[in-house]
J.: 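Structure incoming, see below.
Whatever order the structure lists ligands and atoms in, that order sets their numbers, starting from 1.
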Amino acid sequence: MARTAFELAAPGRVIFGAGVSAQAASAASALGAKCALVVTGRSAERSEGLRKGLTIASVAYSIPSEPTMAMVDDGRQLARDRHCDLVIAFGGGSAIDAGKAIAALAGNPGALTDYMEVVGQGRPLPRPGLPCIAIPTTAGTGAEVTKNSVLTSPEANVKASLRSPHLLPLVSLVDPDLLAETPPAITAATGLDALSHLVESFVSLRANPFTMALGREGMARIARSLRPAYQQGLTPERREDLALASLFGGLCLANAGLGAVHGFAAPLGGMWHAPHGAVCAALLPAVMRANVSALKARASQDSALGRYAELDRLLAEGADAPAWVAELVGALGIQGLASLGMTARDVPLLVEKARAASSMRGNPITLTDEELGEIVAESM
Ligand SMILES: [Zn+2]
């Protein structure tokens, strides 16, 4: 039997609970900061209450879409011009990813491309950046506890990561009450992103007892709360379930990696500017099926098959987990990849780009180009 060994990376502090976002002011003061760059999503007004509550100066910076490398460059410039010594990232995954990247880059020399994976030189960030407090307002990406930011490079039409231990926020305030106003379509896409993180990390080559324990707990909460949250609304109990599942999914992906769903999501998101959660949801059932059949054909003794069998019990009460996921994805109104405008002609380029994506390295078995192409065809 293989010996167990793993390392755990997590933010300095994770504070979870209804109302904990009110602790942003005391956390900022405790860091000795004088001016915070508050990075938000599209509606900067949403952060007004947060900014008014701070006892230090602040500057707002709004991210209007999924973050691009140019937005991170501009944010670093703003932080330097206004002498910000703290970044507070407040919003969905886009705002959190942008805030983490701006904070890291603001403390380092050189250009963002020096440090980007895939589209840049991939050099390690030499120094810690500005301290970062992350406050998620959606339950999906888990970006408040991960050490990478996913950024779009418009030139390369691809999403790639800025990755470093220095990207881990110093403090993460995970407040389920912030989910109260989430529209159902966002609850669906973000919740299915969290489910994708939990499923992919659970069967990943780098899964370990720590991440698998979190994965089991997170999947149980998604299984009981995501569908009713979408169909009947976000009660306090469902908000707590989804916020915890997202947090656990983030800890799992940061410490066990992901797989083919996210291997495809990176180039797909860059080529069609599609919402990340919806893309992952469209791919998840076909990836699960392809992995199971490839494992059965080429690695029938692999422990990942046992973990797939456990998914049947965790998600589908012993029935077929990929079918359960496919049914949930449909019930939550997620459409196939063809709805993005994708056609069969796009498949070869997509397969080529997915093979090079960093997430693909965690997939439990290396899939052939033919298998990868079949996944896309099945997800259309
Ligand atoms: Zn994801």
J.: Suppose you place the vertex at the Zn ion (ligand 1); what is the angle out to His262 NE2 and His276 NE2, to 10°?
T.: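 With the Zn ion (ligand 1) as the vertex, NE2 (His262) and NE2 (His276) sit 100° apart.
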
J.: Do Arg163 and Ser358 have side-chain N/O donor and acceptor atoms under 3.5 Å apart?
T.: yes

J.: Just checking, is any N or O donor in the side chain of Thr68 or Thr152 under 3.5 Å from an acceptor N or O on the other one?
T.: no

J.: Checking His276 against Glu66: is there a side-chain donor and acceptor pair closer than 3.5 Å?
T.: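 Judged by distance alone, the side chains do not pair up.
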
J.: Report the name of the N/O/S atom of Asp193 located nearest to the Zn ion (ligand 1).
T.: OD1

J.: May I ask you to check if any N/O/S atom from Cys280 comes under 2.8 Å of the Zn ion (ligand 1)?
T.: no

J.: Less than 4.5 Å apart, any side-chain heavy atom of Leu151 and any of Met116?
T.: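 With C-beta onward as the side chain, the pair touches.
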
J.: With the Zn ion (ligand 1) as the point of reference, which N/O/S atom of His197 is the closest?
T.: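 Looking at His197, the N, O or S atom with the least distance to the Zn ion (ligand 1) is NE2.
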
